Structures are given as structure tokens and as C-alpha cells.
Student: 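Starting off with a structure, shown below.
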Amino acid sequence: MSKSTPPVPEERLRDADRSQATILNAARDEFSEHGLGGARMDRIAERAGLNKRLIYYYFEDKERLFQAVLEQTYHHIREEEHKLNLVHLKPEVALRRLVEFTWQYYLDHPEFLTLLNSANLHKARHLAQSDRARELNSPLVLMLQDIIERGQADGSFRGGIDPVQLYVSIAGLAYFYLSNNHTLSAIFGRDLMAPKALNERLSHMCDVILGYVLRG
């Protein structure tokens, strides 16, 4: 019998990429369900269907793996935002589209919110140590700056708008509502996740953000 031909480097690289992607997806689910403190490498390996030693080979330890998951999480949302092509829309339309996208993304990806909660519990030290996380988020600020400057140039936006503060407001309006919906629903005696309530919230968010930036 002839010996099988060993895989070429490109095939090994593809296998490594697939393994790492599988590990990251499994780790994302584990961290979002149990947080950094409660997550277990054994369960991540089981979810991924891979040997635990392979996880340590690629990511060294749980802390590094959590950082990689956060980087992947930011990469995905920034990638989806880029697909909106906001630079080709009128400033008011672009900003409304960003608010709508952020709201819908948070609804579609509840793991994003829980991962951020976990990261904040640990004072965001994993993101602070990540140059990649900062690089991933820089284009967002530049994109918002472009929208603001175009709106100011055509006279539709007022002056003195900080793109970082503006995005924090957009994200905060969506994040607080969704991450606290259980307590808010209990306190006010309303189902804040009912379709009508969700539509009302999005409309309110757009009114608040556009009311802030548009000239009176």
C-alpha cells in the first residue's frame, strides 16, 4: 500500500482556521451563558468537539480565550456596520439607519450584551490589553465623524457633536433597555419585549438621537 500524501501547508492552515473558529464559537456560547468566572474549558472543548489541549495550544488559557472571543464579537458587529454603506447615504438617513441597525443587532445577538456584561464585571481589562479591539472600533468613530461633518456641511446637523458621545448614546439607549428588560417590565407592569413595545422603543430612540443632532 502506498503511503498517503501528507497535507500541504495550505490545508493545514485551513484546518487550523476552522479549529480556531469552532473553538471561538463554542467559547462565545459558554462565556455568554456562564460569564468568564463560571465558564469551564472542559465544557468549551465538549461544545467544540475538540480536544481541550488544542484549545490551550491556540489560546494559552481561559483569559486569552475570553479576550479572543471579545475581539471576534467586536469584529462581527463592526463588519456588519460596514455593510450598511452609511457613507453613501444622506446624513440624517445614515444616522437613523445606524440606530435601527444597532437596535436590531442587539435583539438578534443577545450574547453580545451578556459578553459585554461579563467584560465590564472584570473592568474591561481584556479589552484594555487588546490593540486589535481598538483597531476594530476606530473605523466606527471615523464613520460617525464623516456623517456628522456631512450633516454640518449641508446645514442639517448642529455643531459641537462628539462622535464617541453620540455612539455611546445610541448604544446606551438600546443596551440599557434590553439588558434590564426583566426588571423594567416587573417595575412598570408592562411587557417591554412585546412587539408593540419594541417598535415604540425604536421609534423613541430615533426621535431622541435625531432630535439631538438636527438643527431646530
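All values reported here derive from a predicted model rather than from experimental measurement.
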Student: In terms of heavy-atom contacts, does NE2 of His82 have more than 12 from other residues, nucleotides or ligands at under 6.0 Å?
Tutor: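 No, the 6.0 Å shell around NE2 holds no more than 12 heavy atoms from other groups.
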Student: Between Arg28 (side chain only) and Leu115 (backbone N and O only), is there a donor and an acceptor less than 3.5 Å apart?
Tutor: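 No: the side chain of Arg28 does not pair with the backbone of Leu115.
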Student: Are Leu95 and Leu214 linked, directly or through intermediate hydrophobic residues, by side-chain heavy-atom contacts shorter than 4.5 Å (ILVMFWY only)?
Tutor: yes
Student: Ser156 side chain to Gly151 main-chain N or O, any donor-acceptor pair under 3.5 Å?
Tutor: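 Side chain of Ser156 to backbone of Gly151, a donor-acceptor pair under 3.5 Å: yes, one is there.
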Student: Please report the C-alpha distance between Leu184 and Phe176 in whole Å, then the side-chain angles of each, then the deciding distance to 0.1 Å, and finally whether the side-chain contact (heavy atoms from CB on, under 4.5 Å) criterion is met.
Tutor: CA-CA 10 Å; Leu184 293 172; Phe176 183 86; 4.0 Å; yes
Student: Do side-chain atoms of Ser118 reach the backbone of Leu36 as a donor and acceptor pair under 3.5 angstrom?
Tutor: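 Checked: pair present.
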Student: Considering the options Leu50, Asn25, Leu65, Val69, which one meets the side chain to side chain contact (heavy atoms under 4.5 Å, CB included) requirement together with Ile44?
Tutor: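 Checked Leu50, Asn25, Leu65, Val69 against Ile44; only one passes side chain to side chain contact (heavy atoms under 4.5 Å, CB included): Leu65.
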Student: Looking at every heavy atom in both Pro139 and Glu135, which two are closest together, and how far apart are they?
Tutor: CD-O, 3.1 Å
Student: Answer yes if Val168 and Leu210 sit in the same cluster of Ile, Leu, Val, Met, Phe, Trp and Tyr residues linked by side chain heavy atoms under 4.5 Å apart, and no otherwise.
Tutor: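 No, Val168 and Leu210 fall in different hydrophobic clusters.
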Student: So, Lys62 side chain and Ala39 main chain: donor-acceptor pair closer than 3.5 Å or not?
Tutor: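 Side chain of Lys62 to backbone of Ala39, a donor-acceptor pair under 3.5 Å: yes, one is there.
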Student: With the 4.5 Å side-chain cut-off for hydrophobic clustering, are Leu202 and Tyr212 part of the same group?
Tutor: yes
Student: Taking NZ, NE, NH1 and NH2 as the nitrogens, is one of them in Glu81 or Arg78 under 4.0 Å from a carboxylate oxygen of the other?
Tutor: yes
Student: Could you measure the distance from the CZ atom of Phe101 to the CG atom of Leu84? Nearest 0.5 Å is fine.
Tutor: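 Between Phe101 CZ and Leu84 CG, I get 5.5 Å after rounding to 0.5 Å.
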Student: Same cluster or not: are Phe66 and Tyr57 linked, directly or through other Ile, Leu, Val, Met, Phe, Trp or Tyr residues, by side-chain heavy atoms under 4.5 angstrom apart?
Tutor: yes
Student: Would you call the rings of Phe112 and Tyr74 parallel, tilted or perpendicular if under 30° counts as parallel and over 60° as perpendicular?
Tutor: perpendicular
Student: Indicate whether any N or O donor in one side chain lies under 3.5 Å from an N or O acceptor in the other, for Ser130 and Glu71.
Tutor: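 Short answer, yes.
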Student: Under a 3.5 Å cutoff, is there a donor and acceptor pairing between the side chains of His204 and Tyr177?
Tutor: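 On atom types as modelled, these side chains do not qualify, holding no pair under 3.5 Å.
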Student: Under the criterion side chain to side chain donor-acceptor pair (under 3.5 Å), which of Gln67, Arg64, Glu63 is the partner of His126?
Tutor: Glu63
Student: Kindly say whether His182 contributes a backbone atom to a donor-acceptor pair with the side chain of Ser185 at under 3.5 angstrom?
Tutor: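 Between the backbone of His182 and the side chain of Ser185 there is no qualifying donor-acceptor contact (under 3.5 Å).
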Student: Determine whether a donor-acceptor pair (N or O, by modelled atom type, separation under 3.5 Å) exists between the side chain of Ser32 and the backbone of Asp29.
Tutor: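 Judged by distance alone, yes, a pair lies under 3.5 Å.
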Student: Salt bridge or not for Lys83 and Glu80, using N-O below 4.0 Å?
Tutor: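 Salt bridge flag = yes for Glu80 with Lys83.
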Student: Is Ile161 reachable from Val141 through a run of hydrophobic residues whose side-chain heavy atoms are each under 4.5 Å from the next?
Tutor: no
Student: Would you call Glu30 and Arg47 a salt bridge, taking side-chain N to carboxylate O under 4.0 Å as the test?
Tutor: yes
Student: May I ask you to say whether Arg150 pairs ionically with Asp146, meaning some side-chain N is under 4.0 Å from a carboxylate O?
Tutor: yes
Student: May I ask you to check whether over 12 heavy atoms, not counting those of Arg125, lie within 6.0 Å of atom CZ?
Tutor: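 More than 12 heavy atoms, drawn from other residues, nucleotides or ligands, come within 6.0 Å of this atom.
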Student: Determine whether more than 12 heavy atoms belonging to other residues, nucleotides or ligands lie under 6.0 Å from atom CD of Gln129.
Tutor: yes
Student: Does atom CZ of Arg158 have more than 12 heavy-atom neighbours from other groups under 6.0 Å away?
Tutor: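 Yes, enclosed.
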Student: Going by an N to O cut-off under 4.0 Å, is there a salt bridge joining Glu200 and Lys196?
Tutor: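 Between Lys196 and Glu200 there is a salt bridge, with a charged N closer than 4.0 Å to a carboxylate O.
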Student: List the steps, then state whether salt bridge (charged side-chain N to carboxylate O under 4.0 Å, His left out) holds for Arg43 with Glu46.
Tutor: CA-CA 5 Å; Arg43 285 199 299 260; Glu46 185 178 350; over 6 Å; no
